[in-house]
2 protein chains.
Amino acid sequence: MVLLGRYVIRLSKLTDYAVVMLSYMAAREGEVYTTARLAQRSAVPEPTAAKILKSLARGSILVSQRGSNGGYELARPAAEITVAEIIVALDGPIALAACVEGSSDHCGVEQLCSMRGNWNRVNRAIRDALEDITLADMAVPFVAPAVVETRPEQGLR
Amino acid sequence: MVLLGRYVIRLSKLTDYAVVMLSYMAAREGEVYTTARLAQRSAVPEPTAAKILKSLARGSILVSQRGSNGGYELARPAAEITVAEIIVALDGPIALAACVEGSSDHCGVEQLCSMRGNWNRVNRAIRDALEDITLADMAVPFVAPAVVETRPEQGLR
DNA sequence: TCTAAAGAGGACTGATTTGGTCCTATTGGG
DNA sequence: CCCAATAGGACCAAATCAGTCCTCTTTAGA
Ligand code: FES
Ligand code: FES
């Protein structure tokens with residue numbers, strides 16, 4: 001059977017929180033933010049915020065400065081940070097199921113392997129979609145621009 | 001805080017199994033397949049297969065015929081069944097986080113709500129990607145076409 | 001040079017979610 | 001009628017995730 005490995009798209013709370021914090025940081029690039037401050041501003045409990053920030057730093061989305069006066073800073077301009085990267089930093093590679101390029105596991109049902117390439121196609125489609133959207137796209141100005149409340153299906157792009 | 005609800009993309013084993021079974025069914029459209037048969041052919045344990053098939057039927061991807069001589073049949077030609085539908089049938093709506101059109105929960109941090117529309121953009125991008133791929137795309141002929149074993153990053157479409 | 005303010009890195013735990021099983025209807029053909 | 005199927009849930013065990021905490025390293029500056 002198809003023997004799934006690690007790979008399932010699984011974006012969640014943490015990722016969502018991350019975007020909230022990153023958006024806040026994007027407001028003034030070049031500034032250094034401490035964990036405490038970011039936790040406060042985003043309403044994420046501090047230990048959790050710390051965990052997220054560490055992951056983002058490991059993923060080269062933030063650069064960290066240790067020691068006093070330390071903190072985090074965006075590693076690049078917001079427009080160059082993609083949602084895909086953020087997800088990868090927190091949830092690991094973006095893929096749906098096994099039978100993924102690079103996965104070495106191989107299912108026992110050789111006949112079905114032909115499907116392999118097709119999942120990859122799906123994966124690539126999603127990855128592309130996610131790579132097209134940057135933090136700058138997410139981080140619209142914080143002065144909430146009258147969010148339409150009723151079924152906002154309209155054209156935000 | 002952003003108060004996430006139900007909505008997280010979460011395609012997984014079940015979905016993967018489903019595609020395997022559906023691909024098998026797509027080979028000869030119009031034929032009626034019993035749970036037992038599908039379970040065997042796809043190497044999914046029968047009770048699990050049954051569960052999946054029921055979900056697919058509920059999602060109008062399959063039509064079921066009860067009673068003896070009963071079974072399942074594709075509700076439409078494979079080319080008209082999208083991967084998106086299959087996912088929805090098994091894992092529920094395709095979306096990443098809350099702040100989704102239609103979700104009535106509302107986070108307490110009004111300032112952050114401006115991000116809302118942007119998640120929707122992400123959601124829509126993924127949904128579109130998934131709607132573009134049909135079961136027919138996944139169900140390439142079962143005589144495995146010499147799957148390239150070494151880093152298959154090449155152009156399978 | 002000492003201290004305190006930061007981050008790094010992991011171990012750990014409780015809560016959710018999944019995957020998987022099973023049991024009891026209901027349906028329909030022969 | 002009976003048997004072969006599906007429908008629909010309840011249920012459980014295992015995996016995963018969110019969240020916490022503890023200890024170590026780095027660095028500014030008194
Ligand atoms: S490796 Fe996935 S179907 Fe064979
Ligand atoms: S409802 Fe999601 S940020 Fe407000």
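The chains referred to below are lettered A, B, ... by the order of the sequence lines, with proteins before strands, and numbering in each begins at 1.
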Discussion item. Is there a side-chain contact (heavy atoms from CB on, under 4.5 Å) between B:Leu22 and B:Leu62? Walk through the geometry before answering.
Written reply: CA-CA 9 Å; B:Leu22 289 170; B:Leu62 298 177; 3.7 Å; yes
Practice prompt. Report whether B:Ile133 and B:Ile87 are members of the same hydrophobic cluster (ILVMFWY, side-chain heavy atoms less than 4.5 Å apart, transitive linking).
Written response: yes
Fill in: Atom pair distance, as rounded to whole Å: CE in A:Met21 and C1' in D:dG19
13 Å
Worksheet item: Roughly, in whole Å, what's the span from CZ in B:Arg58 to P in D:dA7?
Response: 8 Å
Fill in: Smallest separation among heavy atoms of A:Ala18 and A:Ile52, with atom names
CB-CG2, 3.8 Å
Worksheet item: Taking CD1 from A:Ile52 and C1' from D:dC17, how many angstroms apart are they, rounded to a whole number?
Response: 12 Å
Discussion item. For a 4.5 angstrom cut-off between non-hydrogen side-chain atoms, does B:Val83 reach B:Glu131?
Written reply: no
Response to the item:
For A:Tyr24 and A:Arg41, the nearest pair of non-hydrogen atoms, with its separation, is OH-NH1, 3.1 Å
Worksheet item: Which pairs count as side chain to side chain donor-acceptor pair (under 3.5 Å) when at least one residue sits in residues 51-70 of chain A, sequence neighbours excluded?
Response: none
Worksheet item: When the C1' atoms of the five terminal pairs at each end define the local axes, what inter-axis angle does the helix from C:dT1-D:dA30 to C:dG30-D:dC1 show, to 10 degrees?
Response: 10°
Worksheet item: If you take all heavy atoms of A:Val63 and A:Ala75, which pair is closest and at what distance?
Response: CG1-CB, 3.9 Å
Item to complete: Determine: side-chain N/O of A:Ser64 to OP1/OP2 of C:dA8, distance under 4.0 Å, yes or no.
Response: yes
Worksheet item: Can you name the closest pair of heavy atoms from B:Ala78 and B:Glu29 and give their distance?
Response: N-OE2, 3.3 Å
Worksheet item: Just how far is it from atom CD1 of B:Ile86 to atom CG of B:Leu56, taken to the nearest 0.5 Å?
Response: 7.0 Å
Return the polar atom pairs (N/O with N/O) between nucleotides 24-28 of chain C and the protein under 3.5 Å, or none.
residue, atom, partner, partner atom, Å
C:dT26, O2, B:Arg66, NH2, 2.6
C:dT27, O4', B:Arg66, NE, 3.1
C:dT27, O4', B:Arg66, NH2, 3.4
C:dT27, O2, B:Gly67, N, 3.1
C:dG28, N2, B:Ser68, OG, 3.4

Worksheet entry | Rounded interatomic separation in angstrom, taking NZ from B:Lys13 and C1' from D:dA15 | 9 Å
Worksheet item: Which parts of residues 31-40 of chain B get close to DNA chain C, meaning a heavy atom less than 4.0 angstrom away?
Response: none
Practice prompt. Output yes when at least one side-chain N/O atom of B:Tyr17 is less than 4.0 Å from OP1 or OP2 of C:dT18, else no.
Written response: no
Item to complete: Calculate the interatomic distance between A:Leu62 atom CG and C:dA8 atom C1'; express it in whole Å.
Response: 14 Å
Worksheet item: Are B:Leu74 and B:Leu135 close enough, and set up right, to give a side-chain contact (heavy atoms from CB on, under 4.5 Å), and what steps lead you there?
Response: CA-CA 11 Å; B:Leu74 290 183; B:Leu135 178 56; 4.3 Å; yes
Discussion item. Without decimals, in angstroms, what is the distance between B:Leu56 CG and D:dT6 P?
Written reply: 13 Å
Worksheet entry | Side-chain (A:Asp137) to main-chain (A:Thr134) donor-acceptor, under 3.5 angstrom | yes
Item to complete: Sorted by first residue and then second, give each salt bridge (charged side-chain N to carboxylate O under 4.0 Å, His left out) pair with at least one member in residues 30-40 of chain A; sequence neighbours left out.
Response: A:Arg28-A:Glu31, A:Glu31-A:Arg37
Worksheet item: Which is true for A:Leu14 with a 4.0 Å heavy-atom rule: it touches a base, it touches only sugar-phosphate, or it touches nothing?
Response: sugar-phosphate
Fill in: Separation between CG of A:Leu90 and OG1 of A:Thr15, rounded to the nearest 0.5 Å
5.0 Å
Discussion item. Before you tell me yes or no, could you show the steps for A:Thr48 and A:Leu14 under side-chain contact (heavy atoms from CB on, under 4.5 Å), namely the whole-Å CA-CA distance, both residues' side-chain angles and the distance that decides it to 0.1 Å?
Written reply: CA-CA 8 Å; A:Thr48 302; A:Leu14 283 295; 4.2 Å; yes
Discussion item. If I take atom CG in residue B:Asn69 and atom P in nucleotide D:dA4, what distance separates them, rounded to the nearest angstrom?
Written reply: 11 Å
Produce the list of close N/O pairs, under 3.5 Å, pairing protein atoms with atoms of nucleotides 20-23 of chain D; give distances to one decimal.
residue, atom, partner, partner atom, Å
D:dT20, OP2, A:Thr48, OG1, 3.1

